[in-house]
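Positions are given from 1, in the same order as the sequence printed here. Whatever order the structure lists ligands and atoms in, that order sets their numbers, starting from 1.
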Amino acid sequence: MAGGGKRTPTPKSIIHQKFGAKASYRVEEVYDSSQSGCPGLAIPQKGPCLYRCHLELPDFSVVSNVFKKKKDSEQSAAELALEKLGIRPQNDDLTVDEAWDEIVGRIKYIFSDEFISAEHPLGAHLRAVLRRDGDCCGSVPVSVIATFDAKINSRCKIINPSVESDPSLVISYVIEAAAKLSDYIVASPDVSSLRRKNPYPSEIVEALATHVSDSLLSREVATVFIPCLGEEVVELETLYISSDRHYLDSIADRLGLKNGSQVMMSRTFGKASCGSECRLYSTIPNKSSDKSSEASGSSNEDSSHIEKTRNARASYICGQDIYGDAILASVGYRWKSNDLDCDDVTVKSFYRICCGMTPNGIYKISRQAVIAAQLPSSFTTKSNWRGPLPREILCMFCHQHRLAEPVFSSSNAPVESLSDIFRSHKKLKVSGVDDADNDNLSREKEDTPGSGMRFRCEVKIFTKSQDLVLECSPRKFYEKENDAIQNASLKALLWFSKFFDELDVEQPSDTDDDQDIKSSTPNVFVAPPISHNGHSSESKPIDVPSAEKRVQSITNGSVVSICYSLSLAVDPEYSSDGESPSDDESPRDDIESNEDMEAEVDAEYSVNCEPSIELIESNEEIEFEVGTGSMNPHIESAVTQMTVGEYASFSTTPPDAAEALILAAASDTVTVRSLLSERPTLNYSILLLGVKGPSEERMEAAFFKPPLSKQRVEYALKHIRESSASTLVDFGCGSGSLLDSLLDYPTSLQTIIGVDISPKGLARAAKMLHIKLNKEACNVKSATLYDGSILEFDSRLYDVDIGTCLEVIEHMEEDQACQFGEKVLSLFRPKLLIVSTPNFEFNTILQRSTPETQEEDKTESQLPKFRNHDHKFEWTREQFNNWASKLAKVHNYSVEFSGVGGSGEVEPGFASQIAVFRREASSIENVAEGSMPPYKVIWEWKKEDGDKKD
Ligand SMILES: C[S@@+](CC[C@H](N)C(=O)[O-])C[C@H]1O[C@@H](n2cnc3c(N)ncnc32)[C@H](O)[C@@H]1O
Ligand SMILES: [Mg+2]
């Protein structure tokens, strides 16, 4: 072994030793979107550009992940290349021969006097085998050494990197290495266990024996038996384990194997899905006899042939090839201790693990709604997404399937001129949907309109050895980088889902989305087993609630919360002869009121026989966004026709494919299995608890063309033109949407100023202004952005021609809004001040969803809420008029009320209410200049000298 002084060579140096000048590194700068340069910006931005390294070797090339430092990207590329070459730098670059020597040395050490009392995961096993029966006493199953010794495992990887997917290889290497130690170690006649030639000294054995008797243990643990033959059902199996034998011997009994030495252990898996870490236990495949049985063809009918058949279900859940029957169990010694740790594993756990292999399943399980929830087909806004974000699910999926971490690379591009965007907005339909789906709505979020940059993101999925599995490059741009990342992740997840659900993605596909995706054949996955359960595996037509009955009253983009329960029921009348009654063409597709429901129950079930009903899944409160496919379509279509507080129930016929999901959700597997065999119906009961309307910008986008934000800008522009203003301050400028839009039109403005307290908003505003002012010819001679609260007075902003304060006051507490009113009219004293804020009364319309259903009356619980979770208040027209009129009177301003969105003449007035204050007093006092102006210049631009640092 390497001595203490020896330093592990870096991956790059190993590559250099091996390839010298034939290794060529090319480092690429990855344009970090947060870094659109903006000279003079006094807000610290994220570090400089990121780097990705391409390493070309004579036979192949690799691409690193993205790193902040060039040299890290080079090391990472070198490491990936080493992995591909099967060389592990942490092993001090051992050769295959050296690895063999180390395995031999390690095995010898494992059987030494000293190791048996060592604190090592193998220690408890070595001690337990001393209690094995008869001949087996002291024999260590080879699979135990192969599974629990990390050092042997890492050396085996040097010999053959594919040990990772084939644990039986490690077993065979251990056997081969042990054969070189015939002076010390004896192999059992079937060579699947190893024992010391000379017994341990008696004092050691005695010491261990007393130790063990203290913790004698005997217990039952629930495990799951997964028969090799797909037709046989997966069953619960009780395992009796006791500390007077090794637990592998107990498992061997159930598998019909001679003893624990013939048992192979899989890797651990399933932690996320069933709480504890599970392994599969199966027979050690006999590779050589496998070949002979294959060669002799199907005429070979002996039992060993059956045993060596691949177990598709077991292989699927652990991603390794498993042969013969298998047992799924969570049992093992706690790290370094003699105590056996056991957890019950149920049939439900098995189905949950199966379910968790796919992106859709990961989502379902993490939402604890296996039947109800579905991986949404679009990502609209982060605030509407429920459950783990697409990027997290993608990482979990890759981890699950032993793929490398997904590699994201985002790029950005300046937006076309804002007017182009507005033009494209005009093409949108009422729902705000563009050509393909709703995604573009996330461009229209409140805080970044016109931030000047648009993002797209590409994601690549590689195997751990850097083979490309999937490349997903959506062409769509988003205003937020995170939206681009989440959307790219979701696209990749949907592709993987499709792969698992259909297994036919290689067929040419012509949808837009599929053009964004390239994949090499994903033979990296163990294919899901296809269940054959006698009936057709096609989904049967499902009885759905009829759409004509009621109109959808909850719009896409709303987030609803429901309470539901799903149960499986077999009506003896329906099932007895296996035939449906003649009137079955009219499915039980009712959404009914609570009373109707009861009536029907009476009529149908009270005849003579009781239906068998089993609860499958229930949820006291779950939220989902309507219109993104994030909920079982039957539930969604029912819910969108309901009003808050309403209860509905209906039934569907579950398709065969739902069987596994039903078993993953239900607790009583035995009952559910028997119901499933009797043509059951799946009964849904739903209570609509609440509806949150679509977000402010989505609602506005759906209702107003042009969008309200654009209408506000146009309103301000009209006043700028009319007043020939030359100086403007935008109070609470955010990311500069107003300033940005102003620059799209020729105006009299020469000085523009923005103030805000949000560094993020100001940074975006600065980047946008930097691009626009240096590009477009306009009258503006100076632009300044200040970091400061508009509740404080700064004399540099005194006496400007126009002050604007659009959609800002409602983001402060009400008393602060009053304070701002006082300050702005008494101290800043702009000649004209335009203040806009939502009209609370208009919310009923915005939140009532589609305009067609506006007649419906509102119940208490559906009273409108604020348009945005950040709003501290929203005023009625009366409240706003009071506020503005009093202020105007006190400070010698006149005030006029107006608005945008809707009409001032028709109830309930404008969607955005606007007050325009005009200064009446002609005399303007000289303002006392305070000691230190409170605002901090964040960015400044002057026409003469272009960009100038502050
Ligand atoms: C909804 S955004 C409106 C941004 C911009 N006026 C627009 O119309 O796009 C509200 C802005 O008010 C800012 N804001 C809230 N309280 C503030 C305060 N006390 N001083 C300055 N800005 C404030 C927030 O940081 C945020 O950028
Ligand atoms: Mg607002």
Please check if any side-chain donor atom of D815 sits under 3.5 Å from a side-chain acceptor atom of Q819, or the reverse. no
Presence of salt bridge, E814 and K872, under 4.0 angstrom: no
Provide the closest heavy-atom pair for C733 versus L785 in the form atom of the first, atom of the second, distance. SG-CD2, 4.4 Å
Nearest non-hydrogen contact to atom 13 (C) of ligand 1 from the set L738, D756, I809 belongs to D756
Is there a heavy atom of C733 sitting under 4.0 angstrom from any atom of ligand 1? yes
Proximal heteroatom of E810 relative to the Mg ion (ligand 2) (N/O/S): OE2
Give a yes/no answer: is there an N/O/S atom of E807 under 2.8 Å from the Mg ion (ligand 2)? no
Is the closest N or O pair between H811 and ligand 1 shorter than 3.5 Å? no
Taking the six-membered ring of F820, is NZ or CZ of K823 closer than 6.0 Å to its centre and within 45° of its axis? no
Which atom, among the N/O/S set of H871, is closest to the Mg ion (ligand 2)? NE2
Please work out, at 4.0 Å between heavy atoms, whether the side chain, the backbone, both, or neither of S737 comes within that distance of ligand 1. side chain
Report yes if L806 has an N/O atom closer than 3.5 Å to an N/O atom of ligand 1; otherwise report no. yes
Residue pairs meeting salt bridge (Lys or Arg N to Asp or Glu O under 4.0 Å), one or both in residues 880-907, sequence neighbours left out, come to R877-E907, E896-R918
For S723, enumerate each residue passing the side chain to side chain contact (heavy atoms under 4.5 Å, CB included) test, keeping only those at least two apart in sequence or located in another chain. A725, I802
Is there a heavy atom in C805 that sits closer than 4.0 Å to ligand 1? no
Nearest-option assignment for atom 3 (C) of ligand 1, heavy atoms, candidates R764, H871, E810, E807: E807
